[in-house]
Amino acid sequence: MPMGTNLFLFVILGLGLYFLSALAAKLIPAVDFWIDIVLWVGAAAYIFSHQSFMDGIVSIATMFYCYWTAMDLTVSDRAEKPSGDWQEIELAKNNTRLLSDITLTAIVFAGAVIFFIFGPDPSPLKYVILFGMISGGGALVKRILNVFSVTVLYSASLNKLHISSRYENRTYPLSDLKDIQLESTADLLKLHPLLTMYSSRLDLTTSFQQVIKLSLPGETLFLTVKEPQRWKAILQEYTDSENNEDTVISVLPFYHRKNVKRLLGKLYFAASVKGISAYALLVLALYALHASPWIMGGAVVLYWVFNMYLSDRVLRAAMDAKPCHHPHVQAAADKIFRKAGIAHVRLYETESDDYNGMAVGMNVGRSMVILTSATLTLPHHVIEGILAHEAIHIKKRDVLSSQLLRFLYLGAMVGIILLFEHHITHPETHKIVLWVFIMAIIILYQLYQSFCSQWMEVRADNLGASLLEGGYKQMAEALRILAVRQDEDTQKRSAYSSEEVEDKLTIDSLTRDKSWFFRLIDFQFSPHPPMYWRVSTLLSNKGHGVLKRWLRDRLKESISLK
């Protein structure tokens, strides 16, 4: 496997191919597609004539990933200034805010970088690390360019707010503004994408001065403006909120001594769950001690088990989850958990505009259910349905089962690959077979994950219904209202990004899609069955043969053209 300098060479080649393609698109757009084809065919022919088949696959994949990342970075979403009477809102900017983002990203990737430099060659882990570094580096470049290019415009006559940057272009009708708050400074531990779970926050803060937090359907916007109190007073007029104009929520700097525990918890989450720095350092330490591959593999598995054991604490820290402070919701949860026969399950809430709930923890005794702040605004009977669904996930230990099933598949694939290596001494003579095998592994993994996840979701819907006073009808109604709210927010977010689709875009996940292709994606590759199917099945089957119906419909809907 190409490593070190050789692997970086293919990173550069991938970037070079992209810039040649972009140049061709600009100078001779009529034939730029064919130039792309010639470039990639030529690159593939050269690589496979100088490398073994498996090394060639790695090199091509590296080049393509860099090509795709470069394309993503050079596609601008910035539009011209909208027509009408607009006033620019001055932003407070300084380099310290951006340097803090860069520093936290460097800390999270530090272990992976150290392994990449000093780890053993060849090592498949280096290939995984390189992909992570390319992805993380691309996200950081986007953040930097957004900071330097962001502008905010306000129109009193149009009652709109316009946000424009290199990669963001949004127009918000201020009639949609639900709430506005001031925070004393930017909360990096909440805003940095590597340190949190949900992505509904749009972080356009450019300094550590006071932050204006704007809550809209499906999205929360964070800005640092030069006159925060004045702009809060202006924008407050568009909301029904009764927040005092002088109220400022206190936020401690991420390096403050009272934030140490929170910081360490989030860094552990980033290094062990979102990234692989912790695993890379563990393998590097064992390599330095000349441990055998079997010992390294065993240590990685034990560390994974340890992380699963701590998953409730780690995810609670990552999501800034706090005990639920809604007595009626807590009372409903206690009743449902007691009926499900699961003890010591705690209920937490986390700030997020996503309508979502999740079961956390690998066993019943160390489990919790986390609801988002948006979910807690739903009607009480809907919240009960979500709690009952999550209670079944805990009772059936689905969090642990999903991880074990994933490891089972990966273990089987590793075993097959080792078997191939043992029996195929000249892989170059079986290029087509090996290529088909690699593609099959990738596709089958997605199918396998979707199958296991959907099976657990169908079971949670139907067994969860038995925990509700309203039974299957209540669970179906809970899912229906949840789908409607999610669709409304998705439609709003799309409208913010493009005013042209505001009146045209209709999202309805409660209606069966007429397109065979999208039904295939929903049933074979998504983690949840389509919502229209879940609701109709709850109302018609009422638990009778539901898994058999799911298996039948999963196949039928995936091949039916009608």
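Starting from 1, each residue takes its place in the sequence as its number.
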With no hydrogens and no angle check, do the side chains of [X] and [Y] hold a donor and an acceptor under 3.5 Å apart?
{"X": "Asn159", "Y": "Tyr172", "value": "no"}
{"X": "Ser509", "Y": "Asp487", "value": "yes"}
{"X": "Gln474", "Y": "Glu469", "value": "no"}
{"X": "Tyr472", "Y": "Ser466", "value": "no"}
{"X": "Tyr496", "Y": "Asp176", "value": "yes"}
{"X": "Asp513", "Y": "Ser515", "value": "no"}
{"X": "Thr372", "Y": "Asn356", "value": "no"}
{"X": "Ser165", "Y": "Asn146", "value": "yes"}
{"X": "Tyr279", "Y": "Asn307", "value": "yes"}
{"X": "Gln524", "Y": "Ser450", "value": "no"}
{"X": "His192", "Y": "Thr105", "value": "yes"}

> Of the options Lys492, Lys213, Arg170, Arg201, which is the one that meets Glu219 in a salt bridge (Lys or Arg N to Asp or Glu O under 4.0 Å)?
Replying inline: Arg170
>> Run Trp550 and Phe523 through ring-ring contact (aromatic ring centres under 6.0 Å, His included) and show every step you take.
In response: CA-CA 9 Å; Trp550 167 68; Phe523 275 99; 8.7 Å; no
How far does [atom1] of [X] sit from [atom2] of [Y], to the nearest 0.5 angstrom?
{"X": "Glu390", "Y": "Ser367", "atom1": "CD", "atom2": "OG", "result": "11.0 Å"}
{"X": "Thr196", "Y": "Glu351", "atom1": "OG1", "atom2": "CD", "result": "9.5 Å"}
{"X": "Asp32", "Y": "Leu27", "atom1": "CG", "atom2": "CG", "result": "10.5 Å"}
{"X": "Lys178", "Y": "Leu216", "atom1": "NZ", "atom2": "CG", "result": "7.5 Å"}
{"X": "Ser401", "Y": "Met456", "atom1": "OG", "atom2": "CE", "result": "5.0 Å"}
{"X": "Leu371", "Y": "Thr377", "atom1": "CG", "atom2": "OG1", "result": "11.0 Å"}

Quick check: does any side chain N or O of [X] sit under 3.5 Å from a backbone N or O of [Y], one acting as donor and the other as acceptor?
{"X": "Gln491", "Y": "Ile507", "value": "yes"}
{"X": "Arg534", "Y": "Glu457", "value": "no"}
{"X": "Glu557", "Y": "Arg519", "value": "no"}
{"X": "Tyr154", "Y": "Lys160", "value": "no"}
{"X": "Ser149", "Y": "Leu145", "value": "yes"}
{"X": "Lys274", "Y": "Leu194", "value": "no"}
{"X": "Tyr355", "Y": "Leu378", "value": "no"}
{"X": "Tyr448", "Y": "Leu405", "value": "yes"}

> Taking the inter-plane angle between the rings of Tyr127 and Phe131 on a 0 to 90° scale, is it parallel (under 30°), tilted (30 to 60°) or perpendicular (over 60°)?
Replying inline: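 Tilted.
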Compare every heavy atom of [Y] with every heavy atom of [X], then report the nearest pair and how far apart it is.
{"X": "Ala44", "Y": "Ile60", "value": "CA-CD1, 3.8 Å"}
{"X": "Leu158", "Y": "Ser83", "value": "CD1-O, 4.0 Å"}
{"X": "Asp354", "Y": "Ala374", "value": "O-CB, 3.6 Å"}
{"X": "Ala340", "Y": "Lys395", "value": "O-NZ, 2.8 Å"}
{"X": "Leu39", "Y": "Ser21", "value": "CD1-N, 4.3 Å"}
{"X": "Gly218", "Y": "Asp353", "value": "C-CB, 3.7 Å"}

> Given Tyr67, which of Phe10, Phe19, Trp40 fulfils the ring-ring contact (aromatic ring centres under 6.0 Å, His included) condition?
Replying inline: Trp40
Please examine the side chains of [Y] and [X], heavy atoms only from C-beta on, and report whether any two atoms are closer than 4.5 Å.
{"X": "Tyr532", "Y": "Thr511", "answer": "no"}
{"X": "Val314", "Y": "Val273", "answer": "yes"}
{"X": "Val152", "Y": "His162", "answer": "no"}
{"X": "Met358", "Y": "Val399", "answer": "no"}
{"X": "His381", "Y": "Ile481", "answer": "yes"}
{"X": "Leu161", "Y": "Trp86", "answer": "no"}
{"X": "Phe222", "Y": "Thr220", "answer": "yes"}
{"X": "Met531", "Y": "Arg480", "answer": "no"}

Does a sphere of radius 6.0 Å around [atom1] in [X] hold more than 12 heavy atoms from other residues, nucleotides or ligands, not counting ones at 6.0 Å or beyond?
{"X": "Tyr46", "atom1": "OH", "answer": "no"}
{"X": "Trp304", "atom1": "CH2", "answer": "yes"}
{"X": "Lys339", "atom1": "NZ", "answer": "yes"}
{"X": "Phe518", "atom1": "CZ", "answer": "no"}
{"X": "Trp455", "atom1": "CH2", "answer": "no"}

> Where do Asp320 and Lys266 land on the side-chain contact (heavy atoms from CB on, under 4.5 Å) test, with the steps shown first?
Replying inline: CA-CA 9 Å; Asp320 288 312; Lys266 285 180 171 285; 3.2 Å; yes
> Quick one: which of Leu467, Leu539, Leu538, Val535 gives a side-chain contact (heavy atoms from CB on, under 4.5 Å) with Met475?
Replying inline: Leu538
>> Given Trp533, which partner from the list Arg512, Arg549, Gln454 fulfils the side-chain contact (heavy atoms from CB on, under 4.5 Å) test?
In response: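 Single pass found, and it is Arg549.
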>> Please evaluate residues Tyr18 and Trp68 with respect to the criterion ring-ring contact (aromatic ring centres under 6.0 Å, His included), reporting the C-alpha separation (whole Å), side-chain torsions for both, the decisive distance (0.1 Å), and the verdict.
In response: CA-CA 8 Å; Tyr18 171 73; Trp68 188 264; over 10 Å; no
>> Go through it in stages, so that I can follow the logic: the residues are Val369 and Val360, the test is side-chain contact (heavy atoms from CB on, under 4.5 Å), and I'd like the CA-CA distance, side-chain angles, deciding distance and then a yes or no.
In response: CA-CA 6 Å; Val369 171; Val360 176; over 6 Å; no
>> One pair to check against salt bridge (Lys or Arg N to Asp or Glu O under 4.0 Å): Arg143 and Asp203. What are the steps and the verdict?
In response: CA-CA 9 Å; Arg143 167 65 181 157; Asp203 175 23; 3.7 Å; yes
> Between Asp522 and Ser526, is a side-chain contact (heavy atoms from CB on, under 4.5 Å) present by the stated rule, with each step listed?
Replying inline: CA-CA 5 Å; Asp522 283 341; Ser526 298; 3.9 Å; yes
